[in-house]
Amino acid sequence: MLVTLLCVVGGLSTEAAATPWEQFRAPTAGSPQSIGSYSNGCLAGAQVLPEQGEGYQRVRSERGRFYGHESMISFLEQLSAKAKKLQLGHLLISDIAMPRGGRFRSGHASHQTGLDADIWLTTLDQPASQQALPELQPLPMVDLKAYRMMKENWSDRQANLIQLAASDDKVARIFVHPVIKAKLCDAQWTDRSWLRKVRPWWGHYYHFHVRLHCPQGSLQCKEQLPPPPGDGCGAELISWQPKPASEKKTASAKPVKKRPVLKPLPPAGCMAMLKAPAQDADRDKYAKDQRQLKGQAQ
């Protein structure tokens, strides 16, 4: 029975298998609740980030990942408005969470409780047209092969935007590529305390990932341990640098067969949510239109 249940909730790690959370098109009713941990949880009473607002637009809305805890939606709207006033550019906000949060089949290990959001490091001088928006692509900030910044794409805009986000008390962590973290460390800041929250992590070379603290009232939300003391600009950051080819271990002549990874069961509150009633309808016309166009193209 346990093996069957693990399969049902996406316990067996496969790229192709959908998870039950991906079937929902609308959130549950009731007050917002982030349940469980960032990488093993769910979201009740989610709110929709509007298609556009003061200083921002959503991108990749056809994925249906624009749901978040009300604290995240409020944070994103306030951050965008502040960035606009500071002339940091028009923000492009990508994935937050699915309607009920939960595990993705691939792409994200976290983003399960509505407290994680991806913001492109590409900013616009003015909002994109509805025709251009679906075709927008982010600019890479890091040359991954050379392990260095792409100076032609990076500017003070990006640095100040990350500082603005990290300085908010609601923010627990911000993830960026190690090269971007190093760039921020090298800059001259009057206050460097916010750098502690900026954590190096692979993959975040064209966007930064914001993670909020568990909001008040979400009693089943599991907070992550705080980052280590200091600004994270020393030995820890250096440890992320690729090793020279001479130091890399030679590959084994006989490849080792990996066993399937069993993921932990979601918290009890999430298991119950899989059967909870959804709101009447998905009222986000833009997202529905994008899904319909994508289906016609296929």
Side-chain angles (χ1 to χ4, degrees), residues 38-39 56 59 75-76 79-80 82-83 86-96 107-111 115-124 136-213 224-249:
Y38 302 99
S39 58
Y56 81 88
V59 288
F75 167 80
L76 292 171
L79 176 67
S80 301
K82 291 176 184 177
L86 294 172
Q87 298 182 347
L88 298 180
H90 190 78
L91 305 192
L92 299 171
I93 300 172
S94 183
D95 293 355
I96 309 173
H108 293 295
S110 58
H111 287 260
L115 299 175
D116 295 280
D118 289 342
I119 303 173
W120 285 7
L121 287 164
T122 304
T123 60
L124 305 178
L136 285 179
Q137 295 296 325
L139 291 173
M141 300 292 154
V142 178
D143 183 331
L144 299 179
K145 290 185 178 180
Y147 198 74
R148 62 172 177 80
M149 292 296 295
M150 299 181 70
K151 296 180 180 179
E152 64 272 23
N153 295 340
W154 180 265
S155 72
D156 288 344
R157 263 190 179 186
Q158 284 77 24
N160 290 328
L161 176 58
I162 294 173
Q163 182 205 26
L164 180 65
S167 298
D168 194 301
D169 290 340
K170 295 187 290 295
V171 172
R173 275 172 167 75
I174 288 180
F175 299 100
V176 297
H177 191 279
V179 171
I180 295 177
K181 169 73 176 184
K183 182 69 172 178
L184 295 172
C185 287
D186 290 342
Q188 299 298 314
W189 302 100
T190 303
D191 174 22
R192 296 178 65 86
S193 61
W194 58 274
L195 284 167
R196 181 187 179 193
K197 297 181 184 180
V198 181
R199 313 303 298 166
W201 203 260
W202 303 122
H204 298 79
Y205 61 94
Y206 67 88
H207 70 281
F208 66 100
H209 174 160
V210 177
R211 173 168 293 170
L212 301 187
H213 289 292
Q224 189 173 6
L225 292 174
D231 59 15
C233 293
E236 178 193 0
L237 182 57
I238 294 174
S239 70
W240 285 82
Q241 294 180 3
K243 294 182 179 180
S246 59
E247 296 183 19
K248 293 180 180 179
K249 294 181 180 179

Under 3.5 Å, is there a donor-acceptor pair between the side chain of [X] and the main chain of [Y]?
X: R192; Y: C185; answer: yes
X: K181; Y: V176; answer: no
X: N153; Y: P140; answer: yes

Identify the two heavy atoms, one from [X] and one from [Y], that lie closest to each other, and give their separation to 0.1 Å.
X: Y206; Y: L139; result: CB-O, 3.6 Å
X: H213; Y: D169; result: CD2-O, 3.4 Å
X: D95; Y: H108; result: OD2-NE2, 2.8 Å
X: K197; Y: D168; result: NZ-O, 2.9 Å
X: C233; Y: L195; result: SG-CD1, 4.3 Å
X: T123; Y: R157; result: OG1-NH1, 3.1 Å

What is the distance from atom [atom1] of [X] to atom [atom2] of [Y], rounded to the nearest 0.5 Å?
X: L121; Y: L92; atom1: CG; atom2: CG; value: 10.5 Å
X: L115; Y: R173; atom1: CG; atom2: CZ; value: 13.5 Å
X: L79; Y: L161; atom1: CG; atom2: CG; value: 6.0 Å
X: L184; Y: N160; atom1: CG; atom2: CG; value: 9.5 Å
X: T122; Y: L136; atom1: OG1; atom2: CG; value: 9.0 Å

Does the side chain of [Y] come within less than 4.5 Å of [X]'s, by heavy atoms?
X: S110; Y: R211; value: yes
X: H177; Y: W201; value: no
X: V171; Y: L212; value: yes
X: M149; Y: I180; value: yes
X: V179; Y: Y205; value: no
X: H207; Y: P138; value: no
X: H111; Y: D118; value: yes
X: F208; Y: I119; value: yes

With R196, which residues qualify under side-chain hydrogen bond (donor to acceptor under 3.5 Å, both in side chains), at least two apart?
none
Under the side-chain hydrogen bond (donor to acceptor under 3.5 Å, both in side chains) test, residues paired with S39 that sit two or more places apart:
none
Under the side chain to side chain contact (heavy atoms under 4.5 Å, CB included) rule, what do D191 and S167 come out as? Steps first, then yes or no, please.
CA-CA 10 Å; D191 174 22; S167 298; 5.8 Å; no
Is there a side chain to side chain contact (heavy atoms under 4.5 Å, CB included) between H204 and M141? Walk through the geometry before answering.
CA-CA 9 Å; H204 298 79; M141 300 292 154; over 6 Å; no
More than 12 heavy atoms of other residues, nucleotides or ligands under 6.0 Å from CD of Q87: is that the case?
no
